[in-house]
There are 2 protein chains.
Amino acid sequence: MDRSVDVVVVGAGVAGLVAARDLVRGGADVLVLEARDRVGGRLLNAELPGGVPIEVGGQWVGPGQDRALGLIEALGLRTYPTYGEGRHIAEIGSSRSRYTGRIPRVNPLVLADIGQAQYRLDRLARRVAAAGPWQAHDAEKLDAQTFDTWLRKTARTTAGRAFFRLVTEAVFSAEPEDMSALWAAFYVGAAGGLDPLINTEGGAQQDRVVGGTQRIALALAQELGDRVALEAPVADVDWEASGVRVVTRRGLTVRARRAVIAVPPPLTARIRFTPGLPGDRDHLVQRMPMGRVIKVNVAYDEPFWRHEGLSGQANSTHRALGTVFDNTPFGGSPAVLVGFLEGRHADVAARLDTGARRELVIDDLVGYFGPRARNPIAYIERDWADEEYSRGCYGAFTAPSTLTRFGCALRTPVGPVHWAGTETATKWAGYIDGAAESGHRVAHEILPAVLPALA
Amino acid sequence: MDRSVDVVVVGAGVAGLVAARDLVRGGADVLVLEARDRVGGRLLNAELPGGVPIEVGGQWVGPGQDRALGLIEALGLRTYPTYGEGRHIAEIGSSRSRYTGRIPRVNPLVLADIGQAQYRLDRLARRVAAAGPWQAHDAEKLDAQTFDTWLRKTARTTAGRAFFRLVTEAVFSAEPEDMSALWAAFYVGAAGGLDPLINTEGGAQQDRVVGGTQRIALALAQELGDRVALEAPVADVDWEASGVRVVTRRGLTVRARRAVIAVPPPLTARIRFTPGLPGDRDHLVQRMPMGRVIKVNVAYDEPFWRHEGLSGQANSTHRALGTVFDNTPFGGSPAVLVGFLEGRHADVAARLDTGARRELVIDDLVGYFGPRARNPIAYIERDWADEEYSRGCYGAFTAPSTLTRFGCALRTPVGPVHWAGTETATKWAGYIDGAAESGHRVAHEILPAVLPALA
């Protein structure tokens with residue numbers, strides 16, 4: 001079976017779908033090839049008891065994410081605020097507090113330490129994001145060290161360092177020692193600072209999409225109609241200056257003038273390009289691994305924590321389940337707590353059998369919220385490292401010395417092959433917003449080249 | 001076309017071929033699938049004028065590499081010493097010296113700095129190698145930082161640090177900031193210390209194989225006969241506890257009770273396994289990128305440097321061509337200098353066109369050896385990052401936090417799938433010797449399981 005289009009898009013996550021939509025609107029003939037039997041990539045709904053959708057992948061949007069919010073509005077979707085009333089739980093170092101607002105009650109010395117480190121990180125992040133990560137003034141120096149090395153020089157107290165480890169796990173689902181300090185600074189800068197990344201109200205966790213965040217992708221796909229082909233995993237991309245021939249594992253061949261590759265960076269290497277991609281490009285993606293997270297939604301017949309004046313938001317520097325939110329869906333039933341096993345915690349948890357892992361999660365929820373957390377009505381977990389077509393979440397990061405050596409290949413097209421995906425964004429890289437940015441960008445790169453042929 | 005064997009081996013480098021040979025000797029029916037139209041992997045001969053073979057890939061062996069030396073002897077091959085008579089050239093920081101023996105003439109303060117840093121590195125390396133890298137006492141601390149961070153704390157002088165950068169490039173074809181300090185320590189320890197790695201006489205560059213080092217692989221393949229299938233790139237490995245079904249891109253299907261995957265770590269991810277491999281394994285190889293080197297053999301009608309009392313060995317902390325050797329083949333003609341563009345130098349050189357890159361190389365050779373280097377009779381270069389089935393050389397390394405998080409997956413079989421390759425070795429990882437070790441190991445893992453069926 002052969003098809004011929006102007007542009008073939010590989011990957012029906014938000015990046016690929018936004019690219020396809022822009023290209024179609026620009027007048028191009030487009031086909032999106034999606035490996036899975038569904039669209040959405042790292043956005044995925046599952047079902048709670050009663051058939052209510054719940055997100056097992058990416059789920060939040062917040063202020064400053066103008067592309068994501070614009071998309072949601074344009075698609076006729078609605079948002080609602082993440083539940084955050086009442087007191088949050090914070091276990092930072094040896095202190096355990098229940099607090100409202102943004103600042104947990106901890107030792108003032110630790111608080112001062114966190115404050116000065118955050119000030120320095122934000123200042124650095126602004127500078128790196130403004131210059132572009134590999135053009136920044138001290139890019140090589142930052143890229144020569146892990147974020148952990150940078151943090152050890154910057155945060156001085158044990159609890160302050162533990163706080164930044166927790167934050168890194170929560171934001172990157174990776175450890176500070178996994179990534180380049182330059183990547184961390186870029187990523188924070190691309191979000192406008194650390195507070196926008198970690199806050200609920202006023203930050204990246206502020207709002208949710210009614211019906212589950214995968215609806216963004218589902219709505220985009222609906223608009224594209226039969227331009228999206230599911231169960232079409234791409235095996236080969238043969239290319240020359242004038243175009244590509246893309247072949248799926250099931251024998252579909254698509255010829256196009258341009259291709260958009262909109263899959264996570266390490267997975268781009270699992271497509272066979274002929275001729276092979278340049279060394280810079282190959283080495284870039286050899287060095288952009290994915291974060292690792294096991295996301296767990298735990299449903300209860302009622303939101304007992306709310307009755308006790310708790311928001312359901314909890315963080316701990318010493319529990320496996322370092323971050324928890326009230327994740328009750330729009331409509332209010334059932335009550336849900338969502339927890340994240342991130343980075344090294346995911347490694348350990350993944351090696352347990354399902355029963356032992358569930359016990360670990362429930363024990364931590366009981367630790368936070370008391371014995372009523374012991375008896376959920378549903379337990380839904382997802383280890384994104386096991387997903388063949390994601391191989392990790394939330395996003396990729398760069399190992400040290402990668403951006404300065406190979407960053408130049410991140411967005412540079414190779415002949416007719418263009419690169420999308422949230423990791424290629426300049427703002428909110430790693431978020432739905434960044435995915436949308438990258439989709440718009442590739443469409444903008446491609447349309448002028450494809451349009452003359454349409455005229 | 002279908003085949004059925006006891007063991008299928010993917011990759012006909014030294015690791016795969018040694019595994020196959022051991023398995024065959026143990027009584028197993030074996031088929032080796034090699035993607036290229038030749039065996040040898042990162043060992044490859046090219047032809048000098050007159051048809052004399054010269055190595056464009058790995059080439060040296062030295063004392064302590066008992067498995068490699070044993071193999072060479074058993075295969076009836078002969079070795080000869082790397083030419084090293086006369087004075088070597090060293091440009092370390094601002095000093096330029098011509099020296100004999102091991103120690104270049106440099107500022108005594110710099111020499112003392114290098115000495116103490118090497119002492120500390122060797123001590124650390126012994127400890128890490130003895131314990132196994134991810135079990136070592138301070139494994140997590142070492143794995144949380146780049147080798148560059150460790151070196152900055154350890155070497156105090158600018159020239160001393162430049163020396164260790166040069167050494168890192170020469171040994172790993174990577175930069176100190178690319179890799180985990182734990183990997184660097186493990187690798188040095190696996191070779192028995194820094195001197196064994198960097199020395200010519202008494203070290204890893206001591207000897208060469210008559211006829212070119214690829215002959216090791218060629219001789220192994222000859223012994224295996226039609227058990228080696230060339231141009232058989234593996235696309236899919238379907239597996240269950242009882243065996244595998246391996247399918248090549250050209251439609252050959254091989255069923256076997258066990259599989260040996262003997263390709264560079266990042267390339268193992270480019271084979272599609274069904275069911276998918278565990279998250280630990282996938283994340284390990286997402287974080288083991290290859291080094292990058294462009295190897296250049298430059299031939300002359302006579303070894304003019306020898307006539308001037310020079311050995312042809314040259315190193316520089318500030319030239320792109322940081323390491324040069326006399327690479328004249330056995331028989332003495334033509335005269336050859338071999339130079340290495342490693343790490344960041346390879347990045348820069350790869351972005352030049354062929355003519356400009358050649359000029360860069362020749363200019364550096366003239367800088368070392370004078371104007372007679374200006375007129376070679378042949379120029380043979382190889383950028384291993386461009387090779388689809390190597391995607392870098394000399395070997396892979398681990399990014400920070402990889403060994404401690406995912407090292408457990410390095411050698412652990414997944415069902416019937418076993419892992420070979422020099423990067424899985426405990427001694428001389430990255431060398432021919434390590435490749436042989438890994439081949440012996442997997443055969444040893446597999447034979448007891450396969451033999452009962454043969455009885």
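Computed from a predicted structure; not experimentally measured. Throughout, protein chains are lettered first and strands after them, A, B, ... in sequence-line order, and every chain is numbered starting at 1. Atoms considered below: every heavy atom in the structure, side chains included; atoms not considered: hydrogens, waters and symmetry mates.
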Tell me, do Arg351(A) and Cys408(B) make a side-chain contact under 4.5 Å, heavy atoms counted?
yes
Which answer fits Ala269(B), side chain, backbone, both or neither, if we ask what part of it has an atom under 4.5 Å from a heavy atom of chain A?
both
Contact part of Thr404(B) toward chain A, heavy-atom cut-off under 4.5 Å: side chain, backbone, both or neither?
both
Gln286(B) side chain to Gln286(A) main-chain N or O, any donor-acceptor pair under 3.5 Å?
no
For chain A, the option from Ala235(B), Pro289(B), Ser180(B), Ala399(B) that forms the most heavy-atom pairs under 4.5 Å:
Pro289(B)
What residue, out of Met179(B), Arg249(B), Arg152(B), has the most heavy-atom pairs lying under 4.5 Å from chain A?
Arg249(B)
Within the distance-only criterion (no hydrogens, no angle test), does the side chain of Thr149(A) pair as donor or acceptor with the backbone N or O of Gln145(B) below 3.5 angstrom?
no
For a 4.5 angstrom cut-off between non-hydrogen side-chain atoms, does Met290(B) reach His283(A)?
yes
Is the shortest side-chain heavy-atom distance between Arg287(A) and Arg287(B) below 4.5 Å?
no
Between Asp236(B) and chain A, with a heavy-atom cut-off of 4.5 Å, which part of the residue counts as in contact: side chain, backbone, both or neither?
side chain
Are Arg405(B) and Glu177(A) within salt-bridge range, i.e. N to O under 4.0 Å?
no
Do Asp282(B) and Arg292(A) sit within salt-bridge range, that is, some charged N less than 4.0 Å from a carboxylate O?
no
If you tally heavy-atom pairs under 4.5 Å against chain B, which of Asp386(A), Val285(A), Asp347(A) wins?
Asp347(A)
Ranking Glu388(A), Glu175(A), Arg344(A), Glu140(A) by heavy-atom pairs under 4.5 Å to chain B gives rank one to Arg344(A)
Can you tell me which portion of Pro278(B) sits under 4.5 Å from chain A's heavy atoms? Options are side chain, backbone, both or neither.
backbone
